[in-house]
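Here the structure comes first, spelled out in structure tokens, and everything after it is commentary.
Each ligand, and each atom within it, is numbered from 1 in the order the structure gives. Keep in mind that the numbers below use all heavy atoms, side chains included, and drop hydrogens, waters and symmetry copies.
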Amino acid sequence: MAKYGKETDAKWQKKWDDTGLYKFNRERSAKKFYCLEMFSYPSAANLHVGHWWNFGLTDSYARVKRMQGFEVFEPMGFDAFGLPAENFAIKTGVHPRDSTMQNIATMRGQLRTMGAMFDWDYEVVTCEPDYYKWTQWLFLKLYERGLSYRKEAPVNWCPSCNTSLANEQVDGGACERCQTEVTKKHLTQWFFKITHYAEALLAGLEKLAWPEKTKTMQKNWIGRSTGASIRFAVTDSTAEIEVFTTRADTLFGCTYMVLAPEHALVDVLTAPERGDEVKLYREYVNRQSEIDRLSSAHVKTGVWIGAHAIHPLTGDHLPIWIADYVLATYGTGAVMAVPAHDVRDFAFATQYGLPIARVIGRATPEVDDALPFVEDGILVNSQAWNGLTSPAARERIVEQLAMSDQGRATVNYRLRDWLVSRQRYWGAPIPIVHCASCGIVPVPESELPVLLPYNVDFTPDGQSPLSKSEEFLRTLCPQCGIEARRDTDTLDTFVCSSWYYLRYPDNRNASAPWDPSHINRMLPVDMYVGGPEHAVMHLLYARFITHALCDMGYVNFTEPFKALTHQGIILGADGEKMSKSKGNAVSPDAYIDIYGSDVFRLYLQFGFNYLEGGPWSEDGIKSVARFVDRVERLADRVGELERGARPESLGPAEREVEYVMHNSTKSITRDIETFGFNTCISRLMELLNSLNRYDTEAERKHGGFIRETFAIFVRLLAPFAPHLAEELWAGLGHQNSVHLQEWPQHSESALVKDTVELAVQVNGRIREKILVPSDVDEEAIKAAALSAEKVAPFLQGTKIHKVIVIKGSLVNIVVKPE
Ligand code: ANZ
Ligand code: ZN
């Protein structure tokens, strides 16, 4: 047999292509398995180790599923819109479309060398009009439902990317892409109403087989908080301040009120003589980032606005302040400050000499009792509510307030609506027309796609580049026909990726985004694999979109991804994240050139833990190559063996090999479910060693036995080294592909090591002989005897009187008629 190498890869890849081995047959999808890998951004760099790690190893997982009899769907595509191509264009002058299409062509070619099962007939490329037409359709559907709306809001603005950002794209106060500090800007922007689904998105998490950590992150991001909204009247004003609080039990401890500096009531309530100071303070706060304002290290500041609120139960007058630690975007943008029981209020009150009134005591007063005391306890100084526990008081106080319409129980979410408009060029245009007489008019579905023009000056200056394209801008109002302007923003690329998994199964559909009959059969995705960095952005957006589409009747499921696996990250040899600029990026090309892609794949599988990743090292690749050498040497010897039949009964040497074979099969079948590739490869190595030992301990060897066991080894190897296994399989004389074979099954009985044979008698007559482990106790022997297959009929309709065990030889079951 020819030695395995990259020529082997090329030979089989061609054969697979020619025979259409990996063509997905969607008509045959009764037992479908949708294995999805997060599609990648078409970057100019060559395929790197990370792509192999993500796609190559998941492909091995998918291959096992295929051999297990599933009709596996493993599509691939490109998340092709976005800032990097546009920024690259600004630097080099190469148009984003040109660079993107060039990159896709290169990557497609490289991905082929991986030898994965991707069926390219189902490819999607999000920057193509036949895709983004439906991204625009999605926008319109959400608009019709009131789930897409436009409003002026202070938005996150990246001064370097010159665009607005979603909350999820701000990381520690900085732009997630370029790390520039994010500022606030007042802009009219488009939002998707993800908050409408807060509760559903929370509830839906329950049934998902996702990493717990990711579910917790989504939970925290949605940030459900149960509490109350309480209304405070204001002296000499008809205005009312509504606060959101989780601690209505502390109401009697409220000694002042705080509005967010941006709160609309500030203009209304500020006393004329406080006007200048309030104005200066608001300007000062505007220069701070939200993250700074929330940080516990931040020294809280504020000013009194010269007005007072009225306590709803005591009638006390409470000074109204504005302060930076209260955010406009959470709750109602106003708080009742309870310095005795809230850490931030305590710090603020101490600093500004505001009164502090304790209203919650400890159940066990002897313990250290300093303020602020933030736990639940027993109410004090709270009139009729004294002596109640905090939870009881929360309910009763809210009930009391509700009677006079001053309060009610509410739920508040941290989740904000998703800001989807971007003032950039390289994205899907928003399908909206602005008409002087009709206002906002959606582009009719029949006129989609709204094409992104090619010739546009996209030098960033804070304005949408499309606003400088006359050809794009000018249009007629679809409603009244007069001259109107198109919306010039483009959609966040996360909108493109929020639904791509719905397009794959029906990617050629020209008249609809998909045919529900395909989608409802193919989805949800059975296994989704991608990085943990997507825990709250992509994964939350995709869930939201699917929930919304289900409500609109376009799909019949709410959760798109049944199971999720996050792969770890392969770092540079220096332990740092791989990057071109740091010079620590590892390219697989050189390794594949020397060893072939299967050795590289096997090494990634064997050398690292898939869920953890780790720093790159090539130390083990030689030993993996030697493993492949040993496999081939064995294959050569097997080829010379007689094709004798498998022996009737196995001797101890064969039984030993059988044991390892069944044990490996069982372990690999189990471990692949959790992407435990490294132990899978270890079990393959064990099986090879066992076969080698048997083979070299000569004489007693049975050609048929070793041949048959080696064939099982090759089937087990197939998902992990697809080209090599195909070559070995052909070497065994098979005409069809190893990838069409069934996944081997283990037998539990072969895993019972030292066994003794026992005769099982019923009323003194032998009915069956059973094998039991030599070291088991009498109870287990009885159980085995009673459940023996051929014994069962003789026990029917009888009463078991006695079971006698004579260890090492027989079991006698004494029965009487019932
Ligand atoms: C009175 C109080 C007393 C509070 C007490 C806490 C402890 P979570 O759990 O995160 O939902 N709050 C409400 N809106 C705010 C805003 N826009 N900016 C800053 N803080 C705000 O937090 C709810 C609590 O955070 C609310 O309950 C409110 O303070 C504060 F002993 O009200 B609390
Ligand atoms: Zn009009």
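Residue pairs meeting the ring pair (Phe, Tyr, Trp, His ring centres under 6.0 Å) criterion with at least one member in residues 372-392, sequence neighbours excluded: Phe252-Trp385. For residues 187-200, every residue pair satisfying the side chain to side chain donor-acceptor pair (under 3.5 Å) rule, not counting sequence neighbours, is listed here: Ser164-Gln189, Gln189-Ser421, Gln189-Gln423, Trp190-Asp487, Thr195-Asp417, Tyr197-Asp551, Glu199-Arg224, Glu199-Tyr413.
Residue-level proximity to ligand 1 for Thr246 is carried by backbone and side chain together, each with a heavy atom below 4.0 angstrom.
Not close to ligand 1: Arg414, with no non-hydrogen atom less than 4.0 angstrom away. A heavy-atom separation below 4.0 Å is not found between Asn412 and ligand 1. Close to ligand 1: Ser225, with a non-hydrogen atom less than 4.0 angstrom away.
Within ligand 1, counting atoms from 1 as listed, the ones closer than 4.0 Å to a heavy atom of Phe244 are 11 (O), 13 (C), 26 (C), 28 (C). Annotation for ligand 1: atoms under 4.0 Å from non-hydrogen atoms of Tyr325 are 18 (N), 19 (C). Interface of His341 with ligand 1, defined as ligand atoms under 4.0 Å from a residue heavy atom, comprises 5 (C), 7 (C), 31 (F).
Ring-plane geometry between His534 and His538 is classed as perpendicular, the angle between the planes exceeding 60 degrees on a 0 to 90 degree scale with a lower cut at 30.
Residue Thr250 has no N or O atom closer than 3.5 Å to an N or O atom of ligand 1. Taking any N or O of Tyr330, backbone or side chain, at least one lies under 3.5 Å from an N or O belonging to ligand 1. Not one N or O of Arg247 is nearer than 3.5 Å to an N or O of ligand 1, by distance alone.
The closest side-chain donor-acceptor pair between Tyr610 and Thr565, if any, does not fall under 3.5 angstrom.
When all heavy atoms of Ala393 and Asp249 are compared, the pair lying nearest together is CB-CB, 3.9 Å.
Using a distance-only test at 3.5 Å, with no hydrogens or angles considered, no donor-acceptor pair links the side chain of Arg274 to the main chain of Ala307. Looking only at distances, no side-chain donor or acceptor of Tyr281 sits under 3.5 Å from a matching main-chain atom of Pro261.
Remark: among candidates Leu327, Leu251, Val374, the nearest residue to atom 17 (N) of ligand 1 is Leu327, based on non-hydrogen atoms. When Met336, Arg344, His263 are checked for heavy-atom proximity to atom 20 (N) of ligand 1, Arg344 turns out nearest.
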Residues Asp324, Lys300; criterion side-chain contact (heavy atoms from CB on, under 4.5 Å); working and verdict: CA-CA 6 Å; Asp324 54 2; Lys300 296 162 188 58; 4.1 Å; yes

